Amino acid sequence: MADAGFSGLMVIQRSNEMSLTRKHYPFTEFEARWQKHWMETNAFRAANPGDTDFRPEASKYFVLDMFPYPSGDGLHVGHVEGYTATDILARYRRLCGDNVLHPMGWDAFGLPAEQYAIKTGQHPRITTQKNIDRFRTQLQSLGFSYDWSREISTTDPGYFRWTQWIFLQLYNSWVNPATNRAEPISLYFGNDPDSVRLAFVSDKPVNWCPELGTVLANEEVVDGKSEVGGFPVERRPMRQWMLRITAYTERLISDLDGLDWPDSIKQLQRNWIGRSEGAEVRFPIEGSQAEVTIFTTRPDTLFGATYIVLAPEHPLVDSLTSPEQRAAVDAYKKACSSKSDLERTDLAKEKTGVPLGSSAINPVNGEKIPVWIADYVLTGYGTGAIMAVPAHDERDHEFAMTFNLPIIEVVRAVNAVDQALPTDQQACFSGEGIAINSPILDGLVTTEAKKKIIRWLKEKGYGRGTITYKLRDWLFSRQRYWGEPFPIIWEDGSHRSLSHEELPVEPPEMEDFKPTGTSEPPLSKASDWVRYSETATRELNTMPQWAGSCWYYLRYCDPGNKDRFISREAESYWMGDGAKPGGVDLYVGGTEHAVLHLLYARFWHKVLFDLGHLTTPEPFQKLVNQGMILGDDGQKMSKSRGNVVNPDEVVSEYGADALRLYEMFMGPLEHGKPWSMTGVEGVYRFLARVWRLAMTEDQEGNWGISEDLAEQELTSTQRRVLHATIKKVTQDIESLAFNTAISQMMICTNEFTGAKPRPIESLRILLRLLSPFAPHLCEEIWWRLGTKFPDSGFAGLASQSSWPNWNEEYLVVDEITYAVQINGKVRGHLTVPTSADRESVEKTALCDPAILEILDGKEVKKVIVVPGRLVNLVVAG
RNA sequence: GGCGGUGUAGUCCAACGGCAGAGACAAGCGACUUAAAAUCGCUCCAGUGUGGGUUCGAGUCCCACCACCGCUACCA
């Protein structure tokens with residue numbers, strides 16, 4: 001108790017001290033006021049085609065943030081980073097005269113809300129609304145220039161009605177292999193439309209998470225545990241909705257080329273899709289009609305195959321198991337199925353496996369080779385079966401060594417380094433080379449050998465060239481309450497879609513939305529809702545959280561439309577006319593969505609594009625990933641480490657402008673950067689210096705316009721610095737190099753800090769340059785100057801003024817100092833008129849007495865003049 | 001293991017292949033002040049992770065290695 005009382009006292013003393021510390025500038029007096037003003041005057045409203053204030057001559061600029069999941073923790077400094085970057089761009093482009101679409105919304109369906117609801121008994125709608133309100137308040141307290149009239153939430157029936165509508169577009173279409181485009185299912189003339197729909201039902205084994213009471217997509221399972229919560233996941237067969245994203249693999253890869261995305265993200269997507277070319281080869285089974293089809297990327301090594309391996313779950317396992325091996329095989333299968341994915345993929349462990357007791361015939365040479373099962377072969381990839389070539393595959397080699405299986409070398413390395421490797425059975429060479437010990441391939445290089453053997457296999461009917469992908473179809477249903485219901489009903493064991501007039505399908509009001517403890521979704525408990533008609537029932541699954549975020553950027557363009565998901569006019573205006581493949585001009589968000597969200601959204605976009613609803617084949621033209629903001633210990637921010645910075649606290653202590661500016665000043669947007677409170681104070685002091693360029697404080701602590709300000713001609717130095725600042729800030733904003741733009745504005749401020757009298761022109765320019773970064777401060781000074789100096793160019797709002805232009809002529813200086821190098825080392829300096837050309841600079845350098853002295857008569861063999869920079873004299877010895 | 005990124009003053013970070021320093025933090029000194037805070041001014045500090053190579057010239061380009069971060073992981 002004594003301790004508690006003592007620390008309480010300390011807190012009081014500390015807060016007294018803090019309240020005594022005068023604010024460096026009175027941000028508390030105006031930040032909220034301007035936020036209110038912008039809001040009330042709709043200052044950042046974007047006009048759509050057809051609106052009375054629409055300016056057809058203005059270019060459009062669509063700058064988008066990855067909308068947040070409104071969690072109970074509130075806004076994170078990481079959100080602030082990306083959102084500030086886009087806000088700077090939005091404000092900048094607005095000042096440049098563009099029609100800027102800069103919207104915000106909520107990705108509000110999803111597991112955490114539902115789990116919180118289950119724990120507290122509160123309906124997820126209530127907590128979600130509360131969280132949204134908190135997020136909105138926080139975002140508004142940072143002065144982001146969103147057009148709030150376009151705010152959307154994925155949980156709003158007016159929104160998810162169209163999410164369901166898009167699902168029906170998928171359900172009612174297929175990809176015609178002839179055109180490689182999605183087409184209405186009515187154009188499909190086969191006899192089983194359900195087998196080709198882009199949304200279809202599957203009974204394959206899925207990732208079931210008992211703790212969460214739902215299935216998860218492969219992508220949502222990390223190390224055998226759920227990505228959300230980290231609970232164990234097991235595989236069990238269940239009837240599920242799938243989306244046929246695999247129909248788009250080739251386009252999802254090739255269309256990356258036209259996008260302005262970081263190469264690393266493109267590469268991540270390519271890797272995720274995992275295209276690999278190879279061949280399927282059929283191995284007949286000895287003494288049986290059965291055959292095993294394997295997939296390999298190295299058909300050229302077929303002569304080196306010494307055994308076959310099936311995944312333990314392969315459907316042929318039972319029929320190929322001999323009676324003698326039955327017990328061992330069953331035991332092995334059981335052991336595998338009880339292992340978590342994490343255990344199965346643990347590379348450190350020894351390879352395991354069991355022979356089935358039957359043999360396959362290698363089609364190229366008639367050799368009998370044993371068939372095994374082993375869990376290093378995965379059931380979901382390729383054909384779930386491989387031919388093992390231990391001489392040329394690390395995994396097969398390890399397995400062969402463990403079980404003492406034969407190893408046959410069929411590729412010889414051609415390069416000296418690889419050839420130097422020992423060629424005995426201890427080594428494994430998995431590179432390309434020259435085929436050996438392979439009658440019909442001997443002497444061919446790997447690429448040729450592959451082509452030839454594929455041709456051979458095809459001719460003989462033993463196989464064919466094929467391409468496989470790691471990407472699987474997208475498991476699209478969840479056993480949840482808090483998600484979009486499917487617009488699907490079931491009757492007599494078959495499914496059909498609801499009509500568009502029946503949308504939205506709203507989730508039923510339920511008291512109890514807890515998981516049922518079985519694989520039955522919670523919606524099964526809403527018996528009235530479930531019964532659609534006498535004979536039909538509703539689909540009980542809901543959509544995953546990704547659904548709403550797959551198309552939200554489209555809805556922003558036309559958020560209130562009741563007739564279409566987006567009007568054709570709004571779509572073609574905001575999403576571009578097809579000159580570039582992507583519609584959104586700039587999309588900023590974290591790398592964590594590099595594959596899932598971005599791949600899913602691209603997929604939906606392409607389907608809608610194929611069906612004629614959109615004008616561009618890609619959603620996001622330019623993508624930037626902001627880096628992670630770390631704690632001041634350089635570690636990832638986390639509650640357990642106690643290094644989490646709460647943006648609200650920074651705002652109340654230093655103001656929104658300081659927080660925004662600091663996060664931009666920390667370093668390059670894409671980099672991870674550690675937090676530093678003293679760094680925040682640094683930019684805070686900078687903002688105070690800008691404030692004092694215009695304002696002075698009297699004895700009583702009241703701020704008034706500085707007496708030093710005057711309509712005063714700029715000195716040539718001042719003019720040069722000012723215009724250099726316009727240039728640098730403009731260019732740096734365009735390239736998202738905000739840290740260096742701020743640095744230049746600091747230089748500019750320092751230049752004018754000591755100036756008496758201080759030309760008002762400095763503020764007319766600087767305030768506009770700084771306003772995208774620190775909008776409140778600039779708006780306030782702008783307004784005060786406009787009041788004090790009417791007709792001096794401070795009319796209206798700073799955020800609705802115009803972006804200044806620089807004049808190159810003002811940037812030139814009269815004289816330039818060149819460095820004079822001798823053999824690359826700086827030995828002197830030389831000042832010449834700016835107008836001096838290359839020859840005269842060279843001549844001046846060679847005549848300079850100091851230089852001549854250092855040269856000491858040595859012969860100058862070569863002179864390099866870098867204009868405006870240096871002269872390098874190359875001398876012998 | 002694979003892919004990607006980053007290594008520059010005590011710290012965070014700048015630098016079209018061209019004199020390593022834009023800015024900030026921290027430190028120190030000075031001015032203002034009775035004093036302090038705040039403010040203003042000045043100063044100090046690294047040869048760029050290591051080793052090679054290309055070049056008149058390399059922090060920057062190439063190769064190898066090391067460290068840290070992120071992603072991914074038996075994908076045949």
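Chain letters run A, B, ... following the sequence lines, proteins first and then strands; every chain starts at 1. Note that the coordinates shown come from a computational prediction; the quantities given were computed from them, not determined experimentally.
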N/O to N/O distances under 3.5 Å, protein versus nucleotides 5-14 of chain B:
unit_1 : atom_1 : unit_2   : atom_2 : d
B:C12  : O2'    : A:Met666 : O      : 3.2
B:A14  : OP1    : A:Asn739 : ND2    : 3.2

Problem - Sequence neighbours excluded - salt bridge (charged side-chain N to carboxylate O under 4.0 Å, His left out) pairs with any residue from residues 672-687 of chain A - result: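 The answer is A:Glu81-A:Lys673.
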Who pairs with [X] by side chain to side chain contact (heavy atoms under 4.5 Å, CB included), at least two apart in sequence or on another chain?
X        : answer
A:Pro757 : A:Ala710, A:Gln712
A:Glu808 : A:Lys727, A:Trp806, A:Leu811
A:Asp632 : none

Exercise for the section: Just need the stems in RNA chain B: three or more back-to-back Watson-Crick or G-U pairs, each with both distances under 3.5 angstrom, sorted by first number. Expected result: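 Consecutive-pair runs (3 or more) involving RNA chain B: B:1-7 with B:66-72, B:10-12 with B:23-25, B:27-31 with B:39-43, B:49-53 with B:61-65.
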Exercise for the section: Would you list the pairs meeting side-chain hydrogen bond (donor to acceptor under 3.5 Å, both in side chains) in which at least one residue belongs to residues 736-745 of chain A, sequence neighbours left out? Expected result: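 Listed by first then second residue: A:Thr725-A:Gln744, A:Asp732-A:Thr740.
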Between [N] and [M], how far apart are the two [atom1] atoms, rounded to whole Å?
N     : M     : atom1 : result
B:G51 : B:U8  : P     : 16 Å
B:A26 : B:U39 : P     : 10 Å
B:C44 : B:A36 : P     : 25 Å
B:C16 : B:A9  : C1'   : 25 Å
B:G18 : B:G4  : C1'   : 30 Å
B:U60 : B:G17 : C1'   : 7 Å
B:U11 : B:G49 : P     : 13 Å
B:A20 : B:U48 : C1'   : 8 Å

Exercise for the section: Anything under 30° is parallel, anything over 60° is perpendicular, the rest tilted; go ahead and classify A:Tyr25 against A:Tyr684. Expected result: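 Ring orientation, 0 to 90° scale: tilted.
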Problem - Point-to-point distance, once rounded to the nearest 0.5 Å, from OG1 of A:Thr749 to CG of A:Leu766 - result: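 Output value for this atom pair is 4.5 Å.
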Problem - Shortest non-hydrogen contact between A:Phe303 and A:Ser438, atoms and distance - result: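 Closest pair (atom of A:Phe303, atom of A:Ser438, distance): CD1-CB, 3.3 Å.
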For residues 295-302 of chain A, run the donor-acceptor check on the side chains, cut-off 3.5 Å, and write out each pair with its distance to 0.1 Å, sequence neighbours left out.
unit_1   : atom_1 : unit_2   : atom_2 : d
A:Thr296 : OG1    : A:Arg298 : N      : 2.9
A:Arg298 : NE     : A:Asp300 : OD1    : 2.9
A:Arg298 : NE     : A:Asp300 : OD2    : 3.4
A:Arg298 : NH1    : A:Ser430 : O      : 3.3
A:Arg298 : NH1    : A:Gly431 : O      : 3.2
A:Arg298 : NH2    : A:Asp300 : OD2    : 3.1
A:Arg298 : NH2    : A:Gly431 : O      : 3.4
A:Thr301 : OG1    : A:Arg298 : O      : 2.7

Assign [X] to base, sugar-phosphate, or nothing according to its heavy-atom contacts below 4.0 angstrom with the strands shown.
X        : result
A:Ser276 : sugar-phosphate
A:Thr678 : sugar-phosphate
A:Ile386 : base

Practice task
Map A:Gly682 and A:Asn271 onto RNA chain B by nearest heavy atom, then report which one ends up closer to the 5' terminus.
Solution key: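 This one resolves to A:Asn271.
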Practice task
Using heavy atoms to find the nearest nucleotide of RNA chain B for A:Tyr469 and A:Gln744 separately, return the residue whose nucleotide is more 5′.
Solution key: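 The 5'-side residue here is A:Gln744.
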Problem - Flag, side chain of A:Gln269 to backbone of A:Ala594, donor-acceptor distance under 3.5 Å - result: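 Flag set: sc A:Gln269 to bb A:Ala594 pair under 3.5 Å.
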Practice task
Without swapping roles, check the side chain of A:Arg689 against the backbone of A:Thr753 for a donor-acceptor pair under 3.5 Å.
Solution key: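 The answer is no, because no donor-acceptor pair under 3.5 Å joins these two groups.
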Show me the protein contacts with nucleotides 39-43 of chain B, counting only N or O atoms at under 3.5 Å.
unit_1 : atom_1 : unit_2   : atom_2 : d
B:U39  : O3'    : A:Arg692 : NH2    : 2.7
B:C40  : OP1    : A:Arg692 : NH2    : 3.0

Exercise for the section: Any chance you could list the contact pattern along nucleotides 55-66 of chain B? Use B for base contacts, S for sugar-phosphate-only contacts and - for none, protein heavy atoms under 4.0 Å, 5' to 3'. Expected result: -B----------
Practice task
Return the value, rounded to whole Å, for the distance between atom NZ of A:Lys636 and atom C1' of B:G70.
Solution key: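 Value for this atom pair: 8 Å.
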Exercise for the section: May I ask you to establish whether A:Lys351 and A:Tyr376 are in a cation-pi arrangement, using a distance under 6.0 Å from NZ or CZ to the six-membered ring centre and at most 45° from the ring axis? Expected result: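 Geometry flag: set, cation within 6.0 Å and 45°.
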Practice task
Using the test salt bridge (Lys or Arg N to Asp or Glu O under 4.0 Å), find all partners of A:Glu280 that sit at least two apart in sequence or belong to another chain.
Solution key: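 Only A:Arg464 meet the salt bridge (Lys or Arg N to Asp or Glu O under 4.0 Å) criterion with A:Glu280.
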Problem - Sequence-distant partners of A:Glu277, salt bridge (Lys or Arg N to Asp or Glu O under 4.0 Å), two or more places apart - result: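 Residues passing salt bridge (Lys or Arg N to Asp or Glu O under 4.0 Å) with A:Glu277: A:Arg275.
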